[in-house]
Trainee: 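Before I ask anything, let me first share the structure, which is written out below as structure tokens.
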Amino acid sequence: MRIGSPAPSYAPFFRSTIMSTERRKQFPFDEFEPKWQATWESAKAFRTPNPGDADFDASKPKYFVLDMFPYPSGNGLHVGHPEGYTATDIIGRYKRMNGFNVLHPMGWDAFGLPAEQYAIKTGTHPRVTTEANVANFTKQLKSLGFAYDWDREVNTTDPGYFKWTQWIFLKLYNSYVGDDGKAHPISELEAQGLSREEIDSRRLAYVSEAPVNWCPQLGTVLANEEVVDGKSEVGGFPVERRPLRQWMLRITAFAQRLIDELDGLDWPESIKLLQRNWIGRSEGAEVDFKVADGGQLIRVFTTRPDTLFGATYMVLAPEHMLVDQIVTEEQLPLVEEYREKTARKSDLERTELAKEKSGVFTGAYAINPVNNERIPIWIADYVLMGYGTGAIMAVPAHDERDFEFAKKFELPILQVVQPPEGHDWQGFTDNGTAVNSQFLDGLPTPDAKRRIAAWLEEKGIGKKTINFKLRDWLFSRQRYWGEPFPLIWENGQHAAIPESELPLLPPDLEDFKPTGTPEPPLSKATDWVQYSATATRELNTMPQWAGSCWYYLRYCDAKNTERFVGEEAEKYWMGGGKPGGVDLYVGGTEHAVLHLLYARFWHKVLFDLGFVSTPEPFQRLVNQGLIMGEDGQKMSKSRGNVVNPDDVVNDYGADSLRLYEMAMGPLEQVKPWSMNGVVGQYRFLARLWRLVMVEDQEGEWNFSPQLQDVPADKNLNKLLHKTIKKVGEDIEKLSFNTAISEMMVLNNALTQSEIRPVATLLTFLKVLSPFAPHLAEELYSIIRTQFPQLVPGGFVADVTWPAYDPTALIEDEIEVVLQVNGKRRDSITVPIATPKEEIEALALANARVKEFTNGLTVRKVIYVPGKLVNIVAN
RNA sequence: GCCGGCAUGGCGAAAUGGUAGACGCAACGGACUUAAAAUCCGUUGGUGGGUGACCACCGUGUGGGUUCGAGUCCCACUGCCGGUACCA
């Protein structure tokens, strides 16, 4: 394809016929933006060759710049989307211009609830809805001129994609974590002769009974996001927790690595902290308490074993297995009632509504192993079955929750920690000194912890332990629109289907209505369910997170039918000698824990099994800030403050939108939208356009006679090189807003000069091109028609980033600010090479300085080279 | 409650410990126009003074501190935004 040879011709704009709704365009972006988008597309301008391709240049370094791919909702693009996308596009284009092979792809996280809910309502197959939404999103994204390699587009609902999601699941299913903390193939356990039960209990994907949100009125299982305050979002019916056979992923086996290996990543510290807190490592000890009379053991976890002497009662989670065994006949009715009541409550109710502590005495007692005291055993919902051992020793004197509970039920409170001066010991939870604790007395808390741990271990009744808040990942959903599990059930046992049967497509259902039982909708496809005469398929589907756990890998080799990603492609794009493979990952903070933790988990499993070459997926992470509405509120349909990017593109063009999204402020910051701000960027681009083009009487744009092939004067040249330098540095720092300001300064200077040197303008366009690629491309090609000898063929997107000339930046003279006692009083302009002594002398002799030092003694003269002189006098 | 982030003109913002407010918006004045829009030129933190070029003082949420010098560093506090919530 030949580029840019025909001279431009634009239709005149008839002002009189154009109404206010269709305001007159200040430059014909509506013509050239679609033109360049089509040109880039047909020229495959942003196709990225892979290792092995004929046009692949292995000598270039790689740069993998990634956006969090969107869920293609029916609402279309939101102005929040192009914020991150523009940032990565600028980086990607800039890196290309700097000689990198850039991988900058886009795709669709397209499984999910809304399409299924729409199907239930209208009967439209989710595939149809999804296709339409993807088409709309694609059109919208293409209208913004992003330099994606569309050949690498991925879609999580595409069988060619989810074949590999299912394949990775089978890897998880067929792996376990060894003593080395790494994933290994399950075949190793088989070789050791372990039983089927033992093997199943160690798989990274395993079956467990877990509670789901069951809504009897709606006759369906609900996702967490469909439950609001314990009621269904639709209809407001009560939702119960009901245990159901579920698939779980053993992410907890990676908890420590998920914490430790954050260290090598260039992520915001706040996000690392969020992940660490989510994983929630806590060091403590497990202690066994004997049940008096019964003899059963109750194991508790505590971070404060040093307070063991202060344990005056115990609490079991209501669901705790031992409750049935130890409860006395007398207390049984109360305990039963309490257990039933808590079972009905959702997690939300248990926490948010239970401000007031509740609980019931079981009638049983336990023996405190340190002093053989009999202490009562209670059940209470403030002890959670899912954390630790589901049982605690209560030390009311030094734990807020136990303190509250003990006060309410009038249980004894015994001091065992002496706080520092000025603190009340009741409810004191910090470090202090052990008291009333026999052999621990006088020890500071950390020492007491060590001492008691040793003692417990010696007696064989406890040991140091580490606990994590992180739970295993509930991986199954009772939904239609998700990846089916590549598993079957036969004689009550599960088994994987052969890899050759992947992808396992979901059955083509026509009836999407809930089954009315907790059975997943796939159960309706009776033919599909029957795998063989004796085996049936697993009916659950995977959660939406599944597809997004590995999509970045698929981008490296999106069309590979043999492997989830080709080895060579993976090594090249994900390699680079750092822990993480993706060089820059931009997305919202809402994924700080779940998506980013799940993806890291899968990646580590794949790494351990030798399928990928780095231990971490994402080296550098940046969170873009939320864009608020013009009213400063979060954008939402109900507030009516949503801005549609299509409207902005229509009125001001894609380049204006791109520029505005970047000029708003720092990328990471939360900031409000302003349509006037868009206009500012639009005017900037229009002014730049008019540097090259002038409008005649008929409203036709012609090449400007002010643009001439003459050398730039010294000041303009200095400004140009300053701009090249600053914009390049700012892009590297992701400070796009200040880069744009600097380009505006250059633009303003050019506007004000009578003659505009064409070489200056061409360089300016190169610097502008990552930000406003359409206008840059258009003006570049227009200038080529007038100065063919100055403008080589090809896209401006393909040119080399201009190098700035440091010599052009050298100032002949510098302005030195004169301060007296830190206050600016005057400034002097001196030749650059003026020695320090001379500048100081000039400063002291300065009339204004004298005025303010008059009558004072000069104590000190501070000279900051090239900047200022501060005279200290009193 | 706990954790994190933010606080600068009328507004969005900018400032390696060194001239606070670059750049943009809005506003105001002027040029062009029959007129308006657009465009171009200029003014624009506050208070006070001067006919004027200018000058002084005050000013980065509040109060202290470090420093020759603080929007920037330290301590204490206030307000707003986000996350999280009985994790023993």
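Order of the sequence lines fixes the chain letters, A, B, ..., with proteins taken first and strands second; residue numbering starts at 1 for each chain.
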Trainee: Using the C1' atom as the point on both nucleotides, what is the distance between C40(B) and G63(B), in whole Å?
Mentor: 49 Å
Trainee: When you get a sec, tell me which of C23(B), C40(B), C3(B) is the closest nucleotide to the side chain of Val745(A)?
Mentor: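 So the nucleotide nearest the side chain must be C23(B).
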Trainee: Can you find a side chain N or O atom of Gln275(A) that sits less than 4.0 Å from OP1 or OP2 on G4(B)?
Mentor: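 Result: no.
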Trainee: Choose from G4(B), A56(B), G24(B) the nucleotide whose nearest atom is closest to any side-chain atom of Met744(A).
Mentor: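 Nearest listed nucleotide: G24(B).
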Trainee: Mind calculating the distance between CD1 (Ile452(A)) and C1' (A88(B)) to the nearest angstrom?
Mentor: 17 Å
Trainee: Would you kindly give the NZ-to-C1' distance between Lys25(A) and U39(B), to the nearest whole Å?
Mentor: 18 Å
Trainee: Within the 4.0 Å heavy-atom criterion, would you say Val872(A) contacts the bases, only the backbone, or no part of the nucleic acid?
Mentor: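 Touches sugar-phosphate only.
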Trainee: Looking only at the aromatic ring of each residue, does the gap between the centers of Tyr660(A) and Trp673(A) stay below 6.0 angstrom?
Mentor: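 Between Trp673(A) and Tyr660(A), the centre distance is under 6.0 Å.
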Trainee: Can you check the distance between C75(B) and U84(B), where both ends of the measurement are the C1' atom (answer in whole Å)?
Mentor: 28 Å
Trainee: Answer yes when Glu404(A) and Lys408(A) have at least one side-chain N-carboxylate O distance shorter than 4.0 Å, and no when they do not.
Mentor: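 Result for this pair is no, no salt bridge flagged.
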Trainee: Does any nucleotide pair with G42(B) by Watson-Crick or G-U wobble geometry, both distances under 3.5 Å, and what is it?
Mentor: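 Across any shown strand, G42(B) pairs with C28(B).
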Trainee: Students often get this wrong, so: under 4.0 angstrom with heavy atoms, is Arg825(A) touching a base, only sugar-phosphate, or nothing?
Mentor: sugar-phosphate
Trainee: Without decimals, in angstroms, what is the distance between Glu404(A) CD and C86(B) C1'?
Mentor: 9 Å
Trainee: What's the closest nucleotide to the Ser282(A) side chain, out of A56(B), U39(B), A88(B)?
Mentor: A88(B)
Trainee: Between Asn676(A) and Asn467(A), which residue's closest nucleotide on RNA chain B lies nearer the 5′ terminus?
Mentor: Asn676(A)
Trainee: Between Glu661(A) and Lys671(A), is the closest basic N to carboxylate O distance under 4.0 Å?
Mentor: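 Judged by the 4.0 Å cut-off on N to carboxylate O distance, Lys671(A) and Glu661(A) do not form a salt bridge.
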Trainee: Quick check: on RNA chain B, is the nucleotide nearest Thr589(A) upstream (toward 5') of the one nearest Gly677(A), or the reverse? Name the residue that is more 5'.
Mentor: Gly677(A)
Trainee: Can you tell which of C68(B), C23(B), A88(B) lies closest to the side chain of Asn748(A)?
Mentor: C23(B)
Trainee: Could you check whether atom NZ of Lys464(A) has more than 12 heavy atoms from other residues, nucleotides or ligands sitting under 6.0 Å from it?
Mentor: no
Trainee: Would you indicate, yes or no, if C58(B) has its OP1 or OP2 atom less than 4.0 angstrom from a side-chain nitrogen or oxygen of Lys823(A)?
Mentor: yes
Trainee: Report the distance from atom CG of Leu626(A) to atom C1' of G5(B), rounded to the nearest whole Å.
Mentor: 13 Å
Trainee: Taking G71(B) as the reference, what is the distance to U16(B) when you measure between their C1' atoms (whole Å, please)?
Mentor: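 The answer is 15 Å between these two C1' atoms.
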Trainee: OP1 or OP2 of A26(B) sitting under 4.0 Å from any side-chain N/O of Arg683(A)?
Mentor: yes
Trainee: Is there a side-chain polar atom (N or O) of Gln681(A) under 4.0 Å from OP1 or OP2 of G24(B)?
Mentor: no
Trainee: Watson-Crick or G-U wobble partner for U16(B), using a 3.5 Å limit on both distances?
Mentor: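 Here U16(B) is not engaged in any pair, so there is no nucleotide opposite it.
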Trainee: Go through the side-chain N and O atoms of Asp402(A) and Tyr382(A) and say whether any donor and acceptor fall under 3.5 Å apart.
Mentor: yes
Trainee: Run the salt-bridge test on Lys449(A) and Asp306(A) with the 4.0 Å N-O cut-off and return the result as yes or no.
Mentor: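 Judged by the 4.0 Å cut-off on N to carboxylate O distance, Lys449(A) and Asp306(A) do not form a salt bridge.
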Trainee: Expressed in angstrom and rounded to an integer, what is the separation of Glu269(A) atom CD from G4(B) atom P?
Mentor: 11 Å
Trainee: Partner lookup for U62(B), please. Criteria are Watson-Crick or G-U wobble with both distances under 3.5 angstrom; report none if nothing qualifies.
Mentor: A76(B)
Trainee: Rounded to the nearest angstrom, tell me the gap between atom CD in Glu286(A) and atom P in A88(B).
Mentor: 13 Å
Trainee: Going by an N to O cut-off under 4.0 Å, is there a salt bridge joining Glu269(A) and Lys272(A)?
Mentor: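 A salt bridge is present here (some side-chain N lies under 4.0 Å from a carboxylate O).
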Trainee: Please give, in whole Å, the distance from G83(B) P to Ile271(A) CD1?
Mentor: 12 Å
Trainee: Could you encode protein contacts along nucleotides 11-18 of chain B as a string, one character per nucleotide from 5' to 3', using B for base contact, S for sugar-phosphate-only contact and - for no contact, with a heavy-atom cut-off of under 4.0 Å?
Mentor: -SSSSB-B
Trainee: Could you please name the option among A88(B), A38(B), G4(B) that lies closest to any side-chain atom of Leu384(A)?
Mentor: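 Within the option list, the nearest is A88(B).
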Trainee: Give me the distance, rounded to whole Å, that separates G17(B) from G30(B) when you measure between the C1' atoms they each carry.
Mentor: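 So the two C1' atoms sit 42 Å from each other.
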Trainee: Base, sugar-phosphate alone, or nothing: which one does Gln752(A) contact when heavy atoms must sit under 4.0 Å apart?
Mentor: sugar-phosphate
Trainee: Look through every strand shown and name the nucleotide pairing with G4(B) as Watson-Crick or G-U wobble, where both distances are under 3.5 Å.
Mentor: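 Base partner found: C81(B).
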Trainee: Which one, C3(B), C57(B), C86(B), comes nearest to the side chain of Leu273(A)?
Mentor: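 Of C3(B), C57(B), C86(B), C3(B) is nearest to the side chain of Leu273(A).
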Trainee: Is it the case that the side chains of Arg683(A) and Gln26(A) hold a donor-acceptor pair, with the cut-off being a distance below 3.5 Å and no angle test?
Mentor: no
Trainee: Is U34(B) paired to anything, Watson-Crick or G-U wobble with both distances less than 3.5 Å, and if yes, which nucleotide?
Mentor: none
Trainee: Using a 4.0 Å heavy-atom cut-off across all strands, classify Ser827(A) as base, sugar-phosphate, or nothing.
Mentor: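 No contact at all - Ser827(A) keeps every heavy atom at 4.0 Å or more from the nucleic acid.
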Trainee: Between U60(B) and G65(B), how far apart are the P atoms? Round to whole Å, please.
Mentor: 16 Å
Trainee: Could you give the distance separating A20(B) and G29(B) at their C1' atoms, to the nearest angstrom?
Mentor: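 Each nucleotide's C1' atom is 27 Å from the other's.
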Trainee: Can you tell which of A56(B), A88(B), U84(B) lies closest to the side chain of Phe852(A)?
Mentor: A56(B)
Trainee: Any side-chain donor paired with an acceptor under 3.5 Å for Ser656(A) and Gln681(A)?
Mentor: no
Trainee: Taking the six-membered ring for Trp and the single ring otherwise, decide whether the centroids of Tyr313(A) and Phe405(A) are under 6.0 Å apart.
Mentor: yes
Trainee: Assign G9(B) to syn or anti; the rule is syn for a glycosidic angle within 90° of 0 and anti otherwise.
Mentor: syn
Trainee: If I pick the P atom on C77(B) and the same atom on A14(B), what distance separates them, to the nearest angstrom?
Mentor: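 Comparing P positions in A14(B) and C77(B) gives a spacing of 28 Å.
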Trainee: Could you tell me how far A27(B) sits from G79(B) if I compare only their C1' atoms? Round to whole Å.
Mentor: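 Pairwise C1' distance, G79(B) against A27(B), rounds to 29 Å.
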Trainee: Check the distance between C80(B)'s P and Gln633(A)'s CD and give it to me in whole angstrom.
Mentor: 14 Å
Trainee: Are any of Arg690(A)'s side-chain N or O atoms less than 4.0 Å away from OP1 or OP2 of A38(B)?
Mentor: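 So the side-chain polar atoms of Arg690(A) never come under 4.0 Å of the phosphate oxygens OP1 or OP2 of A38(B).
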Trainee: Which listed nucleotide (C55(B), U39(B), A88(B)) is nearest to the side chain of Arg848(A)?
Mentor: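 Per side-chain heavy atoms of Arg848(A), the pick is C55(B).
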Trainee: Is the shortest distance from a Lys or Arg side-chain nitrogen in Glu319(A) or Arg339(A) to a carboxylate oxygen in the other one below 4.0 Å?
Mentor: no
Trainee: Name the closest nucleotide to the Arg687(A) side chain, picking from A38(B), G83(B), G24(B).
Mentor: G24(B)
